[in-house]
There are 2 protein chains.
Amino acid sequence: MDPHRLLVFREIARAGSIAGAARTLGWTQPAVSQHLRLLERRAGTALVLRRPRGVQLTEAGRILLEHAEAVATRLSAAADDLDALTHLREGTVRLAAFPSASATIVPAAMSLLGGRHPGVDVRLREAEPPEALKLLAAGEADLAVTFAHGGRELQEHPGSEEHPGMVRTPVGEDPVLLVLPRSHPQAGSADRPVDLRSLAAERWIAGCERCAASLRRACGEAGFVPDVRHGTDDYVVTQALIARGLGIGLLPRLALDAFTAPGVAVRAVPGLRPRTLYLVHPREADRIPAVRAAVQALRDTLIPAPGAP
Amino acid sequence: MDPHRLLVFREIARAGSIAGAARTLGWTQPAVSQHLRLLERRAGTALVLRRPRGVQLTEAGRILLEHAEAVATRLSAAADDLDALTHLREGTVRLAAFPSASATIVPAAMSLLGGRHPGVDVRLREAEPPEALKLLAAGEADLAVTFAHGGRELQEHPGSEEHPGMVRTPVGEDPVLLVLPRSHPQAGSADRPVDLRSLAAERWIAGCERCAASLRRACGEAGFVPDVRHGTDDYVVTQALIARGLGIGLLPRLALDAFTAPGVAVRAVPGLRPRTLYLVHPREADRIPAVRAAVQALRDTLIPAPGAP
DNA sequence: GGCGAGACCCAAGCGATACTTATGGCGTGG
DNA sequence: CCACGCCATAAGTATCGCTTGGGTCTCGCC
């Protein structure tokens, strides 16, 4: 049952004649006639009776016409659905982002995207970079916002981040700042830069594995090994510990944008390498309009930062 | 939205890979790949993401797959329906037949057909030949059982029976018999043939227009003009009048097979031309299996008359 | 760690399919 | 009665679609 012939048959039935169908199709009459002939041969029964003023459907023709109409309706619906997706009247983007981004730039980008394409549905799942990459690989997310410590030239060992088939584009840097208790001797005079070497005797609070590694590397370059007393991924917990004088730590600016505890002071440390922010998605995912639009919204939020709050 | 490509896409989705779809289709891999590429080009969005172990559907692909499944289901249902019609598991024949046939041979043929093909639905509409031909021409009947008076060589004027595009095949002859009251002098001695000339003084009861014309022609050849007193199409009415001695008449054997009044006698008249029975249908209607089967059942009932009651 | 297997893409060639052209039959209406 | 509309058939041609023979990439296996 060749569906193309079925649609030609539908035109014959609608026009009431083979020549009429040929006109609406922009074909010649024998072309339509041959389609009908082959269709009747496969069917094993006459589908129309040739009458002087055109053709008349047989019982088989009437039944076939119902199916043809149903097929045509489905094809039209499919085209409509695809059109809605390509023109962003519909669509879904499953976004995975790490916590401090999920609290700051991602909501801003989602708002921007929602204004541009109200029909596009963005679903956020908060996930640290390694987990976000797993979600991408498993097909459970379309787009991930990740970060990596160290400057752009200092990339970590391949194999962990180098998921095959994923493209990772840097979209900005997030400076790493020193967080101290307000009562700390170096908490005042925000203009004067802090030398990391002056903090060799401090007790430290580290974050996740990769953040702790970044801390150790920075301290190592400053000539000491940090005395890490506590560890937590959560930047609210980190600041609560710092505010109580239980240690000091490094936090990226995005985390501090999301939340800064009243009892802490924030200072810049020259030479401290920022973390790099990335958008990651499967290689061909940028051919999905909704993903492309989400990428654009995130870039517009991050790169020129025209109206980000 | 090319439906053929849509079905290829369904195979890709089902197999989970382009190469797998190619295997089930018996094609090479690039063939399937090209179909997918064109489909994605027309769609304006990626339908699958190429992954190491095959492909993974995007949102657009998942939606398209639903439509593809629906189309495939419809196509399969269409093929099934056509198969049922061609193999006579289903089907409808709208039959038009004149009254005396409708009471005799048509029920027998319908019974025969019902035994051969229980799924075929025959719908009988009783109609005199001119009306039956109108039903055929209007497409409201598929097959007509008609008759024409006069031997096969003596056909009436064209234009009335010569409906264009209709084929008329003779399927038997129906002798015309003389019907007398039992009290009539010539009612006895059934073996002796009756000479029409001996009935010149009788009062006659005529049937329909064409039957009356047939009567007049037969009497004219016998050398007299019949004294027609009454007229009716109904062979029961005719016999009621005859039984009461109100006239005599000619009736075909089929009518007498359907009903013979107790008060009448039936005699053969040598030289009286029988009426010819015909099956009529549109030229191509014999390419409709159900019609062909109905024609065959009617012929089997009429021609060798193996088990006709 | 190099290397084959599997999956995919691209470009080019060829063959089958499908549409066109040309012609004739049939029925209807001016 | 002839001209027109509708349909069928046959042959030609052009397009589409599948194959062939390259290549890249990832994974898994020695």
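These numbers come from a predicted model, not from an experiment. Protein chains get the first letters and strands the later ones, always in sequence-line order, with residue 1 at the start of each.
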request  = Could you work out which one of dT21(C), dG17(D), dA7(C) sits closest to the side chain of Arg23(B)?
outcome  = dA7(C)
query = Does a donor on one side chain and an acceptor on the other come within less than 3.5 Å for His67(B) and Arg74(A)?
reply =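 Yes, Arg74(A) and His67(B) have a side-chain donor paired with an acceptor closer than 3.5 Å.
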ask   = Do we see a donor-acceptor contact under 3.5 Å between the side chains of Thr92(A) and Glu59(B)?
value =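 Yes, a side-chain donor-acceptor pair sits under 3.5 Å.
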inquiry  = So, does Arg51(B) get its side chain near the phosphate of dA7(C), meaning an N or O under 4.0 Å from OP1 or OP2?
reply    =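 No, because none of the side-chain N or O atoms of Arg51(B) sits under 4.0 Å from OP1 or OP2 of dA7(C).
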task = Report yes if at least one side-chain N or O of Arg283(A) is closer than 4.0 Å to OP1 or OP2 of dC8(C); otherwise report no.
result = no
query = Does Phe9(A) have any ring-ring contact (aromatic ring centres under 6.0 Å, His included) partners at least two apart in sequence or in another chain, and if so, which?
reply =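 Phe9(A) satisfies ring-ring contact (aromatic ring centres under 6.0 Å, His included) with no other residue.
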Pairing residues for His35(A) by the ring-ring contact (aromatic ring centres under 6.0 Å, His included) criterion, not counting sequence neighbours =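 So His35(A) forms a ring-ring contact (aromatic ring centres under 6.0 Å, His included) with His4(A), Trp27(A).
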Minimal non-hydrogen separation, Ala297(A) against Ala109(A), with atom names = CB-O, 3.8 Å
ask   = Which atom pair, heavy atoms only, marks the closest approach of Val106(A) to Ala97(A)?
value = CG2-CB, 3.7 Å
Close residues, residues 6-22 of chain A, relative to DNA chain D [heavy-atom separation under 4.0 Å] =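 When residues 6-22 of chain A is checked for heavy atoms under 4.0 Å from DNA chain D, the hits, listed by number, are Ser17(A), Ile18(A), Ala19(A).
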inquiry  = Let's see if you get this right: which residues in residues 29-39 of chain B place a heavy atom under 4.0 Å from DNA chain D?
reply    =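 Result for residues 29-39 of chain B: Pro30(B), Ala31(B), Gln34(B), His35(B), sorted by number.
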Please report, rounded to the nearest Å, how far the [atom2] atom of [N] is from the [atom1] atom of [X].
X         : N       : atom1 : atom2 : value
Gln56(A)  : dG27(C) : CD    : P     : 16 Å
Trp27(B)  : dT20(D) : CH2   : C1'   : 17 Å
Met166(B) : dG27(C) : CE    : C1'   : 13 Å
Leu25(A)  : dT20(C) : CG    : C1'   : 15 Å

ask   = Is it true that Phe98(B) and Phe147(B) have ring centroids separated by less than 6.0 Å?
value = yes
State whether [X] and [Y] are salt-bridged, where the test is any N-O pair (Lys NZ or Arg NE/NH1/NH2 against Asp/Glu carboxylate O) under 4.0 Å.
X        : Y         : answer
Arg94(B) : Asp142(B) : yes
Arg50(A) : Glu284(B) : yes
Glu69(A) : Arg10(A)  : yes

request  = Give me the one residue out of Leu6(B), Leu75(B), Asp2(B) that meets side chain to side chain contact (heavy atoms under 4.5 Å, CB included) with Pro3(A).
outcome  = Leu75(B)
Set out, line by line, the N/O atom pairs under 3.5 Å between protein and nucleotides 13-16 of chain D.
none

message = Please check if the number of heavy atoms outside Arg287(B) that lie under 6.0 Å from its CZ is greater than 12.
response =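 For Arg287(B), atom CZ is crowded (more than 12 foreign heavy atoms under 6.0 Å).
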List, with names and distances, any nitrogen or oxygen atoms from the protein found under 3.5 Å away from nitrogen or oxygen atoms belonging to nucleotides 2-6 of chain C.
none

request  = Output, in order, the C-alpha distance, side-chain angles, deciding distance and verdict of side-chain contact (heavy atoms from CB on, under 4.5 Å) for Leu64(B) and Leu47(B).
outcome  = CA-CA 8 Å; Leu64(B) 201 62; Leu47(B) 298 174; 3.8 Å; yes
